[in-house]
Amino acid sequence: MIRKLLVANRGEIARRVFATCRALGVATVAVHSDADADAPYVAEADEAVRLPGNTPVETYLRVGSILDAARRTGADAVHPGYGFLAEHAGFAAAVTDAGLTWVGPPAGAIAAMGDKIAAKELLAGAGVPMLPTWTDGDAVTDFPVLVKASAGGGGRGMRIVRDPADLPAAVDSARREAAAAFGDGTVFVERYVERGRHVEVQIFGDTHGTVVALGERDCSIQRRHQKIVEEAPAVLPDGVRERLHAAAVAAGRAVDYVGAGTVEFLLAPTGEFFFLEMNTRLQVEHPVTEAVTGLDLVRLQLLVAEGGALPVPATPPADGHAIEVRLCAEDPTQGFRPATGTLHRFAVPGVAGEFTPTRGLRLDSGVGTGSTVGVHYDSMLAKLVAWAPTRAEAARSLAGALARAELHGVATNRDLLVRVLRSAEFGAAQVDTGFLDAHPGVFAPLLPADRLPVAALAAALAGAAARRAAAPVLAGLPSGWRNVPALPQVVRYATAAGDEIEVRYRLDRCGALADWSIGPTVAGPTADTPDAPPVVELVSAEPDRVLLDVAGVRRVFRVHRAGSAVFVDGPDGAAELTELPRFPLPRAALAVGSLLAPLPGTVTRVHVGAGQRVAAGDLLLTLEAMKLEHPVLAPTDGVVADLPVPAGGQVETGAVLAVVNPEEAPR
């Protein structure tokens, strides 16, 4: 039996595996990069071994270093988690060659499914339906198509191409991204199915010849080909579920599969389905399957790795419905680019359990209050899962918990997830892989623009209450009170979108709100004066809680301050504000046409030269951060005046990447 398990991964999946190990009495070992030294998963392990460096290549992808960590700690088994080396056949073989128990499928099965091109050929022979596929871009005849990485998954290296002229550039970009993410730049092209649904089947096999399907999941709602909402069971037409399960089991048996695996299919509107790929590991979205089956899939992985027989002889019936969302560090104001920073507060209300099968609300998180989100790894912060007797109840519960969560310090995709869950189309199960493109309204922030002034007022009143509470003398006097009313109190904030909002307010001698108003909501002297604000009465104000009567309706605002940053969580949504100094210090002006780095990263390619004329939208350079490529485009027609960062250069947020002198319009 397994006595001590090393998890060759990080973040929430390491915490997930550790949770089951604690329940089973298995000792645990973590490995960590320098950036992860203070991460929650490291603290929860019984032992931890440092992998010097920060990038995945330096740390989590070094087979020798991980095996050495197992030897030094006396671990007798290795769990790969997902990502990194989880689908690396050489790693699986190295673990078993070292005399350790490998908690995963045999190296042969990983190799067979790891090459997606070869996997398609193998499984087509087993009767699994396939899409038309090309390995030579010049041979493609049927558009639109999808360019995909042959190794790995998670949306890396994927590009949709509708115009044949765009295919060469898409293939080149996909190759670079795949090579960076998986160490293998091989790509292929397959037909793209419009309005297709991404439905996958969880399979499990043991060493006694059993392969069963444990149900299916719908993972259709995706952005940049990465899943953000998953649910089980899928809402399927009559007869499709049985055929999907049969095809998935056939795929598993074709490679003598052992352990947890997922067979992914594309379901067409006609009811036809086609094999996409097989992931030879535990999936990120496995908690929804655990919720509706009651099974602990990590426990089953350990049981099968020890040679035990799978205690599930057939597909279990689904009990209720479960929905999972991936909460990611992404900035909605910057096109959902990955975001970095410090989580000043990370709190989700109503959580019934963490990391193991739970009825109600489950949170699997790799971070906590105080965690630093850097640029080296994936942007996912946590998974929030809701189980309920019905799909509608699960969606409502999950959306409500997300909306009330306090997520301070790092921009997230929370508002997008809530709007998706509350949309009529999602409620009617009208989902496909193009859902977000077809429903742009879900990208709107939860907090309407006309409600921001009241949130800013709450921030100002909480700040005043904090100052009075800290005052060494006359703390009982209202903030800013004068015997003879004069000018109002004025506080200026910058919004997350980069605008400015000015709050003017005056309290009377009893501490009541005598009057208030809002200044410009955008920077600059030409800003329009906003409409008159609503009638507001101050009921109470404390440093962390403000109760306002807004046009006859009482509203509670929770306020949290971290330095100059102020986070306001109210009934309409959350606002992040930065209090601006009353007397700002002068700073150096940027050259006109400067393009700044939106986040820390590496400039991988420079596509233009100084002095070159460019048109608006031309690709200037490529920035790589958090495993993704971020193109930097010319904002206007003009001439490249400066390229201060060469290819391979590291940059921090706000660094000047290029300067494009705008082309003057003819007079």
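Quick note: residue numbers are just sequence positions, from 1. Just so you know, these numbers use all the heavy atoms, side chains as well, and skip hydrogens, waters and symmetry mates.
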Worksheet item: Between the side chains of T604 and R176, does any donor sit under 3.5 Å from an acceptor?
Response: no
Worksheet item: Under a 4.0 Å N-O cut-off, is there an ion pair linking K4 with D76?
Response: no
Worksheet item: Does the pair R414/E330 count as a salt bridge with the N-to-O cut at 4.0 Å?
Response: no
Discussion item. Tell me whether R326 at atom CZ has more than 12 heavy atoms from other residues, nucleotides or ligands lying less than 6.0 Å away.
Written reply: yes
Worksheet item: Would you call K227-E285 a salt bridge at under 4.0 Å N-O?
Response: yes
Discussion item. Going by side chain to side chain contact (heavy atoms under 4.5 Å, CB included), K383 matches just one of H286, E230, R362, R16. Which one?
Written reply: H286
Worksheet item: Are E624 and T602 linked by a side-chain donor-acceptor pair shorter than 3.5 Å?
Response: no
Worksheet item: Should we count CG of D38 as having more than 12 external heavy atoms under 6.0 Å?
Response: no
Worksheet item: Would you say F204 and V304 make side-chain contact, with heavy atoms under 4.5 Å?
Response: yes
Worksheet entry | Residue M130 excluded, over 12 heavy atoms near CE under 6.0 Å | yes
Item to complete: Assess the side chains of Y257 and T280: does a donor N or O sit below 3.5 Å from an acceptor N or O?
Response: no
Practice prompt. Could you walk me through whether I66 and F84 pass side-chain contact (heavy atoms from CB on, under 4.5 Å), step by step?
Written response: CA-CA 12 Å; I66 292 172; F84 296 136; over 6 Å; no
Fill in: Residue pair L343 / T369, side-chain heavy-atom distance below 4.5 Å
no
Discussion item. Check this for me, if you would: do R159 and D172 make a salt bridge, where the nitrogen-to-carboxylate-oxygen distance has to be below 4.0 angstrom?
Written reply: no
Practice prompt. Given side-chain contact (heavy atoms from CB on, under 4.5 Å), test M1 with L302 step by step and report yes or no.
Written response: CA-CA 9 Å; M1 296 182 70; L302 299 178; over 6 Å; no
Worksheet item: Can you find a heavy atom in the side chain of V49 that is under 4.5 Å from one in the side chain of H32?
Response: no
Worksheet item: Is the number of heavy atoms from other residues, nucleotides or ligands within 6.0 Å of CZ (R299) greater than 12?
Response: no
Worksheet item: Is it the case that Q283 and E264 place a side-chain donor and acceptor less than 3.5 Å from each other?
Response: yes
Discussion item. Under a 3.5 Å threshold, yes or no: a donor from one side chain and an acceptor from the other, between D46 and T28?
Written reply: yes
Discussion item. Can you confirm whether or not the ring centre of Y60 sits under 6.0 Å from the ring centre of Y377?
Written reply: yes
Worksheet item: Between S33 and R10, does any side-chain donor sit less than 3.5 Å from a side-chain acceptor?
Response: no
Fill in: Side-chain ion pair, E354 and R15, N-O less than 4.0 Å
no
